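This is a predicted model, so every value here is computed, not measured. Per chain, numbering begins at 1; letters A, B, ... match sequence-line order.
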Amino acid sequence: MAAVPTLARRIARSGVRPLCRWPLSWGRASRQPPGLPLAPCRAFSNNKILVELDESSGVAMMKFKSPPVNSLSLDFLTEFCISLEKLENDRACRGVIFTSAVPKIFSSGLDITEMCGKSMEHYAEFWRAVQEIWLRLYGSNMVTVAAVNGSSPAGGCLVALSCDYRIMVENPKFSIGLNEAQLGIVAPFWFKDTFVNVVGHRIAERSLQLGSLYPAPEAFKFGLVDELVPEEKLQEKAMAVMAQWLALPDHARQLTKSMMRKVVLDRLVAHREEDIQNFISFISKESIQKSLRMYMDMLKKRKS
Amino acid sequence: MAAVPTLARRIARSGVRPLCRWPLSWGRASRQPPGLPLAPCRAFSNNKILVELDESSGVAMMKFKSPPVNSLSLDFLTEFCISLEKLENDRACRGVIFTSAVPKIFSSGLDITEMCGKSMEHYAEFWRAVQEIWLRLYGSNMVTVAAVNGSSPAGGCLVALSCDYRIMVENPKFSIGLNEAQLGIVAPFWFKDTFVNVVGHRIAERSLQLGSLYPAPEAFKFGLVDELVPEEKLQEKAMAVMAQWLALPDHARQLTKSMMRKVVLDRLVAHREEDIQNFISFISKESIQKSLRMYMDMLKKRKS
Amino acid sequence: MAAVPTLARRIARSGVRPLCRWPLSWGRASRQPPGLPLAPCRAFSNNKILVELDESSGVAMMKFKSPPVNSLSLDFLTEFCISLEKLENDRACRGVIFTSAVPKIFSSGLDITEMCGKSMEHYAEFWRAVQEIWLRLYGSNMVTVAAVNGSSPAGGCLVALSCDYRIMVENPKFSIGLNEAQLGIVAPFWFKDTFVNVVGHRIAERSLQLGSLYPAPEAFKFGLVDELVPEEKLQEKAMAVMAQWLALPDHARQLTKSMMRKVVLDRLVAHREEDIQNFISFISKESIQKSLRMYMDMLKKRKS
């Protein structure tokens, strides 16, 4: 896939360095002779994401720590992708819990600054990274649980939707949904496919057209999230759910998951370049650029 | 599309004339020099349908006024089609509310007299008009809201299902559903596709086989209609819903709608002639004709 | 279809003989001159299944009577298939109710002894029989009602899912679900398709990965079964539901059913040999064989 060299280049230039506290192998890295830069580790941190793997349970906790809102910038996506790949290749890891280290927000979704006033090449690279993270997350062999401890609009919602299970803090101030339409943007077909697979065609159709954001209790009612818990119980609950999923034999579970998701994953794989071109030509329209700039100005004013 | 000449012919012979009260342009008609027969108008009425466009809000109200039951005859479908096309082409119009001017009935569905004892050519023309209205309605770029103020069986239900949102009067005497099977008729695959997209596969499978009609409160429970209101609140509610949908940028909403519905629309477009042949050969069977005649006799007796 | 000769052979060698109490024709058998072994009958019994047809109503009752757990062995499937085919070809029969003559269990699903320590040829023959029963049941022209009077895991659940309607005894000790994953086995794609068509994608995805078995009241909540009744009311309810479905004209109902299920049926027909090869190569893996042997040992110990 064309993404691989791009990614490799970005990894090289990202300067990410593992915190070397893990005695056990860390995926492909372990095949490197000891002493090389990618030495095996137990925990992993880079600028925007913290990963901790508990080897006794086989469960990793991946914490988004990119204030103020964990927006999915190209840098964030690159680190996300590297972290996921490492866990995927680590035999000691069977499941990942995704959560936020930033209060009140899980992830605000795609970083609008990446889509505004940049070059075509940049848009292409950015969109390829968005595709890549979804392909890896939705197609992951690991059990993936979203512990949604804050609002989760747009791309943030996609991250949660791509997991096997979604637990959300029951706070009605936290909302979740694919609200792209509110910004004048169209969620791509694979966002839509992922959404339909969770909430069904009718709710997806209405919600996508209205760009609806749902407070946690409402999102729970129609299955956008699987469970609500008080904030202080979130981690405990996520671990319990993970244990339930890990009680199943990996092989059968993975084949089953693949059977359920393959059609939708294959659709993007088959139309990946076309999807990038669509994104570029849509996002570089003057009307869209204008509306994104207005939105960013509004966000800036709100801050000050 | 083959339908267009047929339709054009019918329009020509229908003798429909606009009520010329609109100062602003009325779609394609506006490109005509002033003084020509198709002059721009604000309201539009023909024999069976009344259209009023409020230009300040961009919302048109389309009222079915073909007593006794707003049945979808070839004439009705032709006027429906013309009215829809005009609104679709009118930049002043962004949304349409469909409702009935006939008490207790939204629409009784396809006119059985069009399917009984007629020529093959007539069946073909009729079915093409049914297809055409669905293609235009389900694929409309406008926001479409069904304000269902009476019973809505079969084709009447299809009209509601093809809208973006369905509000129904909460009267349990008003029922809605695709009850074709009760008459020994099979709903075509695109009725089925539209139904599945709203209520899901299981409810569609059961309801279509049983030809189920649901009282409004029951229809609401499983999402066949989105909302119930007292009759006196229907119009107000429809306007409020419309305002909510029109708050979104048209372009993103239209692309999103198209993304959700394209697969199903394309399926009919690809099999349109085949579907007409299927209809003709089914409807012209002696057993079907006999059962339709019996049904019409029953209706006549009920009246007297 | 390749299944036919195999089936014919098995029928020949199964030694099944009808209990000749039926004056009326019994499907294809009726075309035989009287006095031949396959003479027409009113009731039919073989080793594992009892069939009684009430000609006044057109409803057959098919009772699984293969203790201890009505497991779907090759013999059971063969008799099931023969019985279904006979009813399907009998004009006096319009609907079938499936229930169990064994207390507390509807059917325990595929017989594990058929999948353990056997030859490749055996696996192929067995799997073809499983496919065949599903193709006939899911594609049946008759109205099919599952009267689930006991637990119904895995293949037992598939039998119920393939019917038009599912009524279950409300006893929370009876559970139902596709729990294959718990045994390290993957439900084939057509089990999955059938499941998705009943409960939707999200519930199917989660339930299949977790191999979930649901107590009857829970299964009812999300539509895995359509209705719950006290055990003593089960038969009466099944007859009432059947009468409701039979009130519709057969032809329209059958065409509608076929329209709903054809895509999924065709998918297996198109990939039938491939699916058999998949099953063989999966089931004959040493790891799978080992886990099945362990499971069987566990079952044996539980009994003693």
query: What residues of residues 244-267 of chain A sit under 4.5 Å from chain C when you count only heavy atoms?
result: Gln244(A), Trp245(A), Leu248(A), Pro249(A), His251(A), Ala252(A), Arg253(A), Leu255(A), Thr256(A), Lys257(A), Met259(A), Met260(A), Arg261(A)

- prompt: Should we count NZ of Lys237(A) as having more than 12 external heavy atoms under 6.0 Å?
  reply: no

- request: Under 4.5 Å, heavy atom to heavy atom: which of residues 193-218 of chain A reach chain C? Give them by number, or say none.
  value: Asn197(A), Val198(A)

- request: Taking atom CD of Gln289(C) as the centre, report whether more than 12 heavy atoms of other residues, nucleotides or ligands fall under 6.0 Å from it.
  value: yes

query: Where along residues 163-182 of chain A does a heavy atom come under 4.5 Å of chain C, listed by residue number?
result: Asp164(A), Tyr165(A), Arg166(A)

- request: For Lys233(A), enumerate each residue passing the side-chain hydrogen bond (donor to acceptor under 3.5 Å, both in side chains) test, keeping only those at least two apart in sequence or located in another chain.
  value: none

